[in-house]
Amino acid sequence: MTPRRNPGLYPGSVFTFFRGKGRWIPAFAGMAIGWASPAIAQAPAPAAPDYAKPATWLCLPGRTDICSTPVATTALNPNGYGSTGRSSVARNAPIDCFYVYPTVSSDQGLNSDLTPGREERLMTESQFARFASVCRPFVPIYRQMTLGAVAAAAAGVDLTQSGLLAYGDVLAAWRNYIRTKNGGRPFVLIGHSQGSLMLQQLIAREIETKPDVARRMKLAIIPGYNVFVQQGKVVGGTFKRTPLCSKPGQSGCVMSWVSFRERNLPPRGAIFGIATEPGMTVACVNPARPGSTTWERLDSYWFARSTLPVAGGPIQWSTDGAAPTPYLRTEGLVSARCINDGPRGYLSIRTNADPQDKRTDRIGGEVAIFGLFLPGWGMHLADIAAAQGDLVRLVEVLGSASRN
């Protein structure tokens with residue numbers, strides 16, 4: 001694993017690359033919807049977005065959009081499919097949620113345009129729309145680094161300017177939100193993969209350096225990208241003042257993890273889960289119970305109509321047949337445990353398989369490119385899905401506390 005300094009983001013920031021079989025694969029690529037290989041040549045960047053215009057936001061409170069559209073979900077229990085319901089949308093929620101989606105764009109060039117496609121919409125629906133039941137949703141459209149940037153990095157293209165462009169948009173959206181939309185309210189940050197990288201920069205530069213804003217940050221949920229912390233500590237590393245969450249109900253802290261299947265620990269040279277600097281480890285906060293180092297059962301929401309490859313072949317979610325809705329909720333099908341062992345830090349995921357019951361004994365989450373699963377990425381695609389119900393409840397509790 002070779003660190004490349006990227007001085008344009010903030011002093012000491014690093015994009016990390018994994019070298020394998022002669023190609024470089026950048027760590028920012030979430031690839032949570034699919035794989036594409038657009039042309040490497042960079043298209044002219046579209047004009048910078050004006051976040052004063054509603055059209056530059058995928059979600060805003062009080063309007064009809066992805067986040068205000070109830071999501072149909074069926075409970076998957078040991079005895080098969082159960083009840084079907086739809087997510088709700090809160091009225092007068094006491095807290096805001098600012099979400100930055102991961103790398104999903106298949107647009108041409110290194111940066112996406114500002115016209116969100118199915119990828120951005122589906123990712124926002126699957127990772128974030130449920131949070132609208134407990135908070136006001138804010139989702140900026142940004143010129144993110146695309147799936148094509150993965151191929152470009154493989155060809156040796158310098159992605160510094162592409163990263164700066166993406167972060168510049170997120171920064172502009174954030175400043176507009178704080179200036180014109182927040183109104184002094186408490187807020188939660190939510191991201192994944194590239195989105196988490198962008199929020200790391202935002203916390204380090206725009207939040208923990210500004211006490212009045214930091215006081216309003218109740219939580220940052222930023223899995224899928226390494227957060228570094230001093231071994232045995234909850235602060236120091238990626239963030240200078242903002243601690244990792246270390247107990248349930250704590251506010252003003254960061255939740256981060258990178259997921260690996262049980263007994264498949266991050267291998268040498270892994271893109272996630274191993275710190276390269278002496279004395280550092282990769283942060284892990286258990287999403288079901290912050291501070292826990294034991295196995296915790298997870299409340300999960302799965303996209304049952306995914307066409308992404310899964311080790312062992314497509315998942316049969318239940319012996320009852322096909323899933324009746326696009327999303328399934330499972331409680332206790334999987335458990336997770338935080339592990340920190342020297343420089344290694346990761347969330348170990350266990351499937352609580354029972355061959356005698358009706359529901360699946362397998363889940364996906366590994367990343368595949370051209371038919372090959374990448375062991376150094378772990379269960380990157382399941383980072384949020386595996387614990388989404390737990391995360392929504394954490395935000396709900398913080399929102400309720402802010403009313404008092």
Side-chain angles (χ1 to χ4, degrees), residues 32 58-59 61 65-76 82-102 122-139 185-192 195-196 199 217-224 245 247-251 253-257 259 285-292 296-304 325-336 347 349 363 382-403:
L58 263 181
C59 292
D65 55 33
I66 300 164
C67 297
S68 67
T69 303
V71 182
T73 304
T74 300
L76 175 56
S83 61
T84 293
R86 293 180 178 272
S87 60
S88 62
V89 178
R91 294 185 178 181
N92 303 316
I95 197 167
D96 292 351
C97 288
F98 186 95
Y99 168 71
V100 184
Y101 47 81
L122 180 56
M123 183 51 54
T124 299
E125 176 187 271
S126 63
Q127 285 194 341
F128 180 69
R130 295 179 199 283
F131 285 92
S133 65
V134 296
C135 58
R136 296 199 311 166
F138 295 86
V139 183
R185 294 164 53 88
F187 62 84
V188 172
L189 302 178
I190 303 172
H192 181 243
S196 291
L199 291 175
M217 191 188 84
K218 297 304 177 182
L219 186 64
I221 301 170
I222 51 173
C245 300
K247 60 183 178 181
Q250 183 179 355
S251 64
C253 56
V254 167
M255 296 181 64
S256 181
W257 63 92
S259 305
V285 176
N286 194 305
R289 187 175 177 82
S292 173
E296 303 288 347
R297 294 166 69 87
L298 302 181
D299 183 358
S300 313
Y301 284 87
W302 308 103
F303 181 52
T325 55
Y327 293 93
L328 298 174
R329 180 185 183 184
T330 63
E331 295 183 87
L333 176 63
V334 294
S335 296
L347 187 71
I349 300 287
I363 59 168
D383 283 326
I384 285 185
Q388 191 176 100
D390 301 289
L391 297 173
V392 172
R393 277 195 299 275
L394 286 172
V395 175
E396 181 178 25
V397 168
L398 290 172
S400 296
S402 70
R403 290 185 186 273

Asks: Distance from Ile190 atom CD1 to Cys135 atom SG, nearest 0.5 Å?
Replies: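 The distance works out to 5.5 Å.
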
Asks: Among residues at least two apart in sequence or on other chains, which ones pass side-chain contact (heavy atoms from CB on, under 4.5 Å) with Ala129?
Replies: Val71

Asks: Can you name the residues that form a side chain to side chain donor-acceptor pair (under 3.5 Å) with Ser68, not counting sequence neighbours?
Replies: none

Asks: Any donor-acceptor pair under 3.5 Å linking the side chain of Ser133 with the backbone of Ser88?
Replies: no

Asks: Give a yes or no on this: more than 12 heavy atoms of other residues, nucleotides or ligands lie within 6.0 Å of atom CZ of Arg185.
Replies: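 Atom CZ in Arg185 is crowded, with more than 12 foreign heavy atoms closer than 6.0 Å.
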
Asks: Closest approach of Asp383 and His192, non-hydrogen atoms and distance?
Replies: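 It is OD2-NE2, 2.9 Å.
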
Asks: By ring pair (Phe, Tyr, Trp, His ring centres under 6.0 Å), which residues pair with Tyr301, not counting sequence neighbours?
Replies: none

Asks: For Thr69, which residues count as a side-chain contact (heavy atoms from CB on, under 4.5 Å) partner, sequence neighbours excluded?
Replies: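 Once residues adjacent in sequence are excluded, Thr69 has no partner under the side-chain contact (heavy atoms from CB on, under 4.5 Å) criterion.
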
Asks: Between atom CG of Leu298 and atom CG of Leu333, what is the distance when rounded to the nearest 0.5 Å?
Replies: 9.5 Å

Asks: For Gly191 and Leu199, work out which heavy atoms get closest and say how close.
Replies: N-CD1, 3.7 Å

Asks: Where is the tightest heavy-atom contact between Pro61 and Pro137, given as atom of each residue plus distance?
Replies: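 Closest approach of Pro61 to Pro137, heavy atoms only: CD-O, 3.2 Å.
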
Asks: Which residues pass the side chain to side chain donor-acceptor pair (under 3.5 Å) test with Thr73, not counting sequence neighbours?
Replies: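 Counting only residues at least two positions away or on another chain, Thr73 forms a side chain to side chain donor-acceptor pair (under 3.5 Å) with Arg130.
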
Asks: If I take atom CG from residue Leu391 and atom CD1 from residue Ile221, how far apart are they, to the nearest 0.5 angstrom?
Replies: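 Output value for this atom pair is 5.0 Å.
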
Asks: Where is the tightest heavy-atom contact between Leu398 and Gly249, given as atom of each residue plus distance?
Replies: CD2-O, 4.0 Å

Asks: side-chain contact (heavy atoms from CB on, under 4.5 Å) with Arg393: which residues, sequence neighbours excluded?
Replies: Asp299, Arg329, Asp390, Glu396

Asks: Measuring from atom OG of Ser259 to atom CD1 of Ile384, what distance do you get when rounded to the nearest 0.5 angstrom?
Replies: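 One finds 10.0 Å between OG of Ser259 and CD1 of Ile384.
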
Asks: Looking only at non-hydrogen atoms, find the nearest pair between Gln127 and Phe131 and report the distance.
Replies: O-CE1, 3.5 Å

Asks: Looking at residues at least two apart in the chain, or sitting in another chain, which of them share a side chain to side chain donor-acceptor pair (under 3.5 Å) with Arg136?
Replies: Asp96

Asks: What distance separates Glu125 CD from Tyr327 OH, expressed to the nearest 0.5 Å?
Replies: 3.5 Å

Asks: To check you understand the geometry: which heavy-atom pair defines the closest contact between Ser196 and Pro223, and what is its length?
Replies: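 Looking at all heavy atoms of both residues, the closest pair is OG-O, 2.6 Å.
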
Asks: So, taking the atom named SG in Cys253 and the one named CE in Met217, what distance separates them when rounded to the nearest 0.5 Å?
Replies: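 Here the rounded value is 7.0 Å.
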
Asks: Please list, chain by chain and in numerical order, all residues satisfying side-chain contact (heavy atoms from CB on, under 4.5 Å) with Thr124, sequence neighbours excluded.
Replies: Leu58, Cys59, Ile66, Cys67, Tyr99, Tyr101, Phe128, Val139

Asks: With sequence neighbours left out, what residues match Thr330 under side chain to side chain donor-acceptor pair (under 3.5 Å)?
Replies: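 For Thr330 the side chain to side chain donor-acceptor pair (under 3.5 Å) partners, ignoring immediate neighbours, are Trp302.
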
